Amino acid sequence: MVTLPIYMDSHATTRLDPRVLDAMLPYLSEHFGNPASRTHAFGRKAAAAVDAARCEVAALIGARSAEIVFTSGATESNNLAIKGIVAASDLRPCHVVTVITEHRAVLDPCRQLESNGCDVTRLPVGPDGLIDLDELARAITPRTVLVSVMVANNEIGVCQPIAAIAEVAAARGVMFHTDAAQAVGRVPVDVDRLRVDLASISAHKMHGPKGVGALYVRRQAQARLTSIIDGGGHEHGLRSGTLNVPGIVGFGKAAALASAETNGALSRIASLRDRLWAGFQTRLTGVHLNGSFKHRVPHNLNVSFAHIDGQALLTALDDVAVSSGSACASATDEPSYVVQALGASKQRARASVRFGLDRETTEAEVDYVIDKVVRVVTRLRDLSPLSDELSEVGRDPVVEKQLGGR
Amino acid sequence: MVTLPIYMDSHATTRLDPRVLDAMLPYLSEHFGNPASRTHAFGRKAAAAVDAARCEVAALIGARSAEIVFTSGATESNNLAIKGIVAASDLRPCHVVTVITEHRAVLDPCRQLESNGCDVTRLPVGPDGLIDLDELARAITPRTVLVSVMVANNEIGVCQPIAAIAEVAAARGVMFHTDAAQAVGRVPVDVDRLRVDLASISAHKMHGPKGVGALYVRRQAQARLTSIIDGGGHEHGLRSGTLNVPGIVGFGKAAALASAETNGALSRIASLRDRLWAGFQTRLTGVHLNGSFKHRVPHNLNVSFAHIDGQALLTALDDVAVSSGSACASATDEPSYVVQALGASKQRARASVRFGLDRETTEAEVDYVIDKVVRVVTRLRDLSPLSDELSEVGRDPVVEKQLGGR
Amino acid sequence: MVQSSQVNDYFRHPRHVGSIPADAADVGTGRVESPGHGDVARLQVRVEEATGVIQEARFKAYGCSFAIASASFVADQVMGRTLVSALTITADEIGEKLSLPATKQYCAQLAYDAIRAAIADYETKRDAKAHLTTEDER
Amino acid sequence: MVQSSQVNDYFRHPRHVGSIPADAADVGTGRVESPGHGDVARLQVRVEEATGVIQEARFKAYGCSFAIASASFVADQVMGRTLVSALTITADEIGEKLSLPATKQYCAQLAYDAIRAAIADYETKRDAKAHLTTEDER
Ligand SMILES: Cc1ncc(COP(=O)(O)O)c(C=O)c1O
Ligand SMILES: Cc1ncc(COP(=O)(O)O)c(C=O)c1O
C-alpha cells in the first residue's frame with residue numbers, strides 16, 4: 001500500500017518531520033520574543049531556545065556550540081564561507097580551489113569572486129565523480145586561501161574523500177570549507193575527525209524547516225572570516241539579523257532526531273536504494289549509473305535511461321516526484337553539468353534522473369517506483385526514434401556519442 | 001483585566017498572528033516541496049504559494065510582484081541594498097549618504113563599505129530626530145551612488161520626510177533606499193508615491209514570522225544591484241537559496257492582514273499611545289519625550305525618566321516587557337546612540353525607555369503599564385542619589401549635564 | 001515549466017506513434033534535430049499520388065514533453081490534408097495551438113521542420129519516379 | 001544580561017536605603033561614580049567612635065540593577081563590622097558573592113570604592129575632631 005504521489009526527491013528538500021513541527025509550534029505562538037531582547041522574559045525564553053538548538057546542531061557534527069553560526073540556509077553559508085574567507089585575506093589576488101561538480105551555491109560565489117579579480121581553480125572529476133588528490137595538491141599555490149569541496153554531491157550523491165582533502169589543505173596551511181548540505185543529518189559527519197575548518201549545513205535537507213541553516217566555523221577560523229551580512233553583531237559578529245527562532249528550534253530538533261536515528265536508518269535506506277537499482281537493471285536495458293556506486297550516500301541513485309529525455313520521463317511519472325539533471329525547470333535547458341563532468345555526453349546527461357530516498361521511504365514505494373519507471377521508460381522508448389536507430393540497445397546501454405544524423 | 005506579562009516591545013518583534021500561523025501550517029506539513037522543483041506537484045504547489053505571497057507583499061507597498069526580492073529579513077535586505085548598489089557601481093571610490101540615527105543594519109554595512117574605501121556621510125539630526133533636507137542636498141556629490149534614510153526609527157519612532165528625501169535624491173540622479181522595517185505593515189507606505197528605489201521590509205515586525213523579509217527593488221533599479229548571496233539565481237538572480245516557503249506564506253498572510261487592518265488600527269493605537277504619554281506626564285515629574293511627537297509612528301513612545309537608569313527600570317518592570325535605549329543587553333553598555341544623537345546627555349540616553357504598542361494592545365494594558373511604571377520610577381528615584389542632589393526635579397526634568405561630582 | 005493541457009494531452013496520449021516502411025515509394029520520411037537542444041523528431045507521411053492527400057502519418061520523437069507533443073500534434077494535423085495545405089502550417093501556429101512557453105518554441109520549430117522534411121523526401125522520391133517513368137516512355 | 005538570584009534579591013528588596021545627616025560628626029559619607037559608566041553610589045556609615053564599629057549604614061545608588069544591588073549588598077555587609085574589618089571587603093569578593101557577570105564587575109568596584117570613601121570621610125572628620133580636641137587640650 002502506498003500513498004500517492006510518492007516523494008523521492010530528498011536532495012531538493014525533505015518533508016518536515018511532525019516532531020520538528022511540534023517543537024517549533026510554541027515558538028510560532030506564545031514564545032514569540034526576540035532573543036536579542038535580554039531585558040524581558042519573552043526575549044530570554046527565545047534566547048534559551050536558540051542556545052539549546054545551537055547545542056543540538058553542534059552535537060550532530062561534533063562541534064562546540066560557539067562554532068555554529070546560524071544562517072538562512074546552506075546557500076548563504078557557502079557564500080559566507082567563500083566570500084568571507086577571501087574578504088578577510090590580505091593576499092591580492094588570492095586563489096580558491098574548488099571542483100567542477102560543486103553546487104551552484106559554491107560555483108556562483110566563486111564566479112562572483114573571479115569577476116572581482118580572485119583566481120579560481122575548478123578541479124575536474126573522473127568518471128566516478130571523484131577528484132584526484134594529487135591534482136588538488138598541485139592546484140594549491142602560495143596564494144591559495146581556501147579549498148572548498150563538498151561532502152556529498154547533490155545530483156549524483158558521490159562522496160569526496162574529505163579527510164584526505166582536509167589533510168592536503170592543512171599541510172599547505174590553507175583553510176578548508178566543505179558544503180555538507182547533502183550529508184549532514186543523513187550520514188555521520190564529524191568536523192573534528194574530518195578536520196574541516198568550515199562546513200555548510202541546511203535544515204530542510206534533514207527533515208527540518210526551510211530558511212535556516214548554519215555555517216560551522218572552527219574556533220581558530222573565526223578571526224579569518226569576514227561577515228557578509230552586518231548589522232548588530234549577532235552570531236559573534238559573523239551574521240547579523242534577528243534570529244529565526246522557530247526555524248532554529250526546528251533545526252535543533254531535526255538535528256537531535258538525526259543524531260538519534262541516522263545510524264539506524266543508514267543501512268535500511270541503502271538497501272532500499274539497492275533494491276531500486278536492482279529493479280531497473282533487471283527489468284530494463286540501457287540503464288547507466290552516473291558516478292561511483294561505492295563512494296555514494298545511501299539515499300542517492302542517479303541513472304540515465306538511454307534514448308529518452310529526463311524531463312519527459314519526469315513529466316510522465318506524474319505520481320512519483322523525482323528530479324532530472326536536465327534542469328528543465330530553468331530557462332536554459334542545459335543538461336546537468338555534473339553528469340557531463342563525468343565525461344558523459346549531453347544526451348546521457350539529459351537522460352539522467354535522480355532518485356532521492358530518505359528515512360520515510362518504504363519498500364512498497366520503491367517497488368511502485370520501479371514498476372512505474374519501467375512502464376514509462378518503455379513507453380517513451382517506443383516513442384523514441386533513437387531506439388530504432390541504434391540496433392543493439394542492450395549492448396551499448398548509453399548513447400555516448402552525439403547523434404549528428406544517421 | 002490584563003494577562004501578564006504585558007508585551008509592549010513591538011519594535012523588537014511582534015506576536016505571530018494566529019491567522020498567519022494557520023496560513024503557514026499546510027506548508028509546514030503536507031506541502032513541503034521546494035518551489036524550484038517545477039517538475040513535480042510538490043514543487044509546483046510550493047511555487048504557487050510563493051507567487052501568491054509575493055503578490056500580497058507587493059500589494060501592501062504598492063509594488064509589482066516582480067519587484068519583491070525575498071530575503072531572510074530586513075538586516076539582509078539592508079545589506080543587499082547598500083552593498084549591492086555600491087558593488088554594481090563603476091564609481092571608485094563611491095559615496096553613500098545615510099543618517100546617524102539609522103539602525104545598525106544600515107550603519108554596519110556602511111562601516112564595512114568604508115573599510116573597503118567607500119566614503120560615507122552620516123547626516124546629523126535635530127533635537128526632533130529629523131534630518132535637514134538642505135544638508136542632505138549639500139552632502140550629495142557626483143560620486144554619490146546611494147542615499148539611505150529609514151522611514152521610521154526603531155528607537156524613537158520618528159518618521160523622516162521620505163518623499164522629500166526621494167525627490168532630492170532623484171533630482172541628483174542618485175538611488176534612494178529606505179529601511180522601512182518599522183513602518184511597513186503599521187503605517188501606510190507606498191513605494192510609488194514615495195518614489196523610493198529600494199525598500200527593506202521585515203515580516204516579524206508586522207505579526208509575521210521571523211527569518212523572512214523582502215527588499216523592494218524598483219524595476220529600473222534591478223540592473224543596478226549586485227547580489228550578495230549567489231547560487232542558482234533565485235529571485236531574478238538577486239538572492240539565491242532555497243526559498244523559506246512557510247515563512248514567505250506567513251509573510252504574505254501578514255501583509256494581507258496589514259493591508260486590511262492597518263488603517264483601522266492606526267488611530268486606535270495612536271490614542272492608546274497618547275493615553276500612555278498623558279499618564280506619565282500627569283503622574284510623574286521629570287519625564288522627557290525623545291524626538292518629535294508629531295513626526296512619529298503611532299505605536300512608539302520613547303521617554304527618559306530623569307535620575308534613573310533604563311536597565312534598572314526594565315528589570316524592575318518584571319511583568320511588562322519594554323526595552324531601553326541603554327542597550328544593556330550588549331556587552332558594551334553604551335547608552336542609545338539614537339537618543340544621544342538628539343543632543344541628549346549620556347544620562348538622558350541611559351534613562352530612555354521605549355514603549356512599542358501594536359494592534360493587540362488594549363486600554364487595560366496601557367493603564368496597567370502607567371501604574372506600574374509610575375510605581376517603579378518612584379521607587380527607583382527614592383533609591384537614586386541624583387534625585388536628592390538636584391534640588392528641583394520638576395523644573396529641569398532631565399539631567400542634561402554629566403554629574404562630574406557635586 | 002508549466003505545460004498546457006494541450007501539451008499534456010498530446011504527450012500522454014500521443015496520436016500516430018510509429019513507423020512505416022521508409023523505402024515505400026509513397027512514403028516521405030523527415031528526420032530533424034533541433035540544433036543546440038538535440039531533440040529529434042521523425043515524421044512519416046504516406047501520400048496518395050493522384051490527389052496529393054496525406055493518407056497516413058506516423059511520428060517518433062526524442063526530447064522533452066513539449067517536443068513529443070509537438071511532433072504528435074503535427075502528425076495529427078497533416079492527416080487527410082493535401083501536401084500544399086500541410087505546408088501552410090507554420091511554427092507559430094503550432095506554438096499557439098499548443099500554448100507553448102517562449103522557451104519551448106523551438107519544439108514547434110522542430111515539428112514544423114519535420115513536416116517540410118517529410119514532404120520534401122516524398123517529393124524527391126516522386127520526382128525521381130516521374131523522371132524514370134518519363135525515360136521509360138521515351 | 002542574566003542576573004543572579006542574589007542580585008535580583010538585593011535589587012528588588014534593597015536593604016538600608018536612605019540618607020543620614022552627612023554633617024553629623026559620627027557619619028562618614030562616600031559618593032563615588034564609575035568612570036565611563038556613570039553609575040553613582042552613595043554609602044553612609046555611622047560609627048561608634050570608641051569601638052570603631054559601624055552602627056548604621058545607608059545607601060543610595062543610581063545605575064543598573066547590578067550597581068544598585070552591589071551598593072545595597074555592601075551596606076548590608078558593613079553593618080556591625082569594625083572599620084578595619086569593613087576595609088577587608090574586596091571588589092572580587094562582592095562580585096563573587098553576587099555572582100556578577102564579568103561585564104558587571106565594575107559595579108562591585110563601585111560599591112567597594114563607596115566603602116573606602118565613606119570610611120575615609122568618617123576618618124577625616126574624626127581626625128579633624130581629634131586634632132581640634134588635641135588643640136583644646138593644649
Ligand atoms: C550541496 C548543496 N549545497 C547547497 C545547497 C543550498 O542550500 P539551501 O537550500 O539551504 O539554500 C543545496 C540544496 O539546495 C545543496 O544540495
Ligand atoms: C529599522 C530596522 N531595520 C532593520 C531591522 C532588522 O530587521 P530583521 O530583524 O528582519 O533582521 C530592524 C529590526 O531589528 C529595524 O527595526
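Just so it is clear: chains get the letters A, B, ... in the order the sequence lines come, proteins before strands, and each one is counted from 1. Because the structure is predicted, anything quoted here is derived from the model rather than measured.
- No side-chain heavy atom of C:Ile68 sits less than 4.5 Å from a side-chain heavy atom of A:Asp309.
- Side chain of C:Arg42 to main chain of A:Ser384: no donor-acceptor pair is present (N/O by atom type, distance under 3.5 Å, no hydrogens or angles).
- Other residues, nucleotides and ligands contribute over 12 non-hydrogen atoms within 6.0 Å of the CZ atom of C:Arg15.
- Minimum heavy-atom separation, A:Thr315 to C:Ser65: OG1-OG, 4.0 Å.
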Please evaluate residues C:Tyr62 and A:Arg381 with respect to the criterion side-chain contact (heavy atoms from CB on, under 4.5 Å), reporting the C-alpha separation (whole Å), side-chain torsions for both, the decisive distance (0.1 Å), and the verdict. CA-CA 8 Å; C:Tyr62 158 76; A:Arg381 283 185 178 163; over 6 Å; no
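- Nearest heavy-atom pair, C:Gly63 versus A:Ala312, reported as atom, atom and distance to 0.1 Å: O-CB, 3.4 Å.
- Distance check: C:Asp39 CG to A:Gln347 CD gives 9.5 Å after rounding to the nearest 0.5 Å.
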Name each donor-acceptor pair under 3.5 Å that joins a side chain in residues 78-86 of chain C to protein atoms two or more places apart or in another chain, with its distance.
residue	atom	partner	partner atom	Å
C:Arg81	NE	C:Ser85	OG	2.9
C:Arg81	NH2	C:Ser85	O	3.4
C:Arg81	NH2	C:Ser85	OG	3.4
C:Thr82	OG1	C:Ser85	N	3.0

Go through it in stages, so that I can follow the logic: the residues are C:Phe59 and A:Leu383, the test is side-chain contact (heavy atoms from CB on, under 4.5 Å), and I'd like the CA-CA distance, side-chain angles, deciding distance and then a yes or no. CA-CA 8 Å; C:Phe59 87 97; A:Leu383 269 172; 3.6 Å; yes
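- Here A:His299 pairs with A:His11 under the ring pair (Phe, Tyr, Trp, His ring centres under 6.0 Å) rule; sequence neighbours left out.
- Proximity to chain C (any heavy atom under 4.5 Å) is restricted, for A:Ile308, to the backbone atoms N, CA, C and O.
- Note on residues 60-70 of chain C: pairs passing salt bridge (Lys or Arg N to Asp or Glu O under 4.0 Å), not counting sequence neighbours, are A:Asp388-C:Lys60.
- The minimum heavy-atom distance linking A:Pro385 with C:Ala61 is given by the pair CD-C, 3.2 Å.
- Proximity to chain A (any heavy atom under 4.5 Å) is restricted, for C:Ser19, to the side chain, taken from C-beta onward.
- Contact residues of residues 44-55 of chain C toward chain A are absent (heavy-atom distance under 4.5 Å).
- Considering all non-hydrogen atoms of both residues, C:Gln3 and A:Gln311 come closest at OE1-NE2, 4.1 Å.
- The two residues A:Asp382 and C:Val17 come nearest to each other via the heavy atoms O-CG1, 4.1 Å.
- Taking a 6.0 Å sphere around CD of C:Glu96, one finds it holds 12 or fewer heavy atoms contributed by other residues, nucleotides or ligands.
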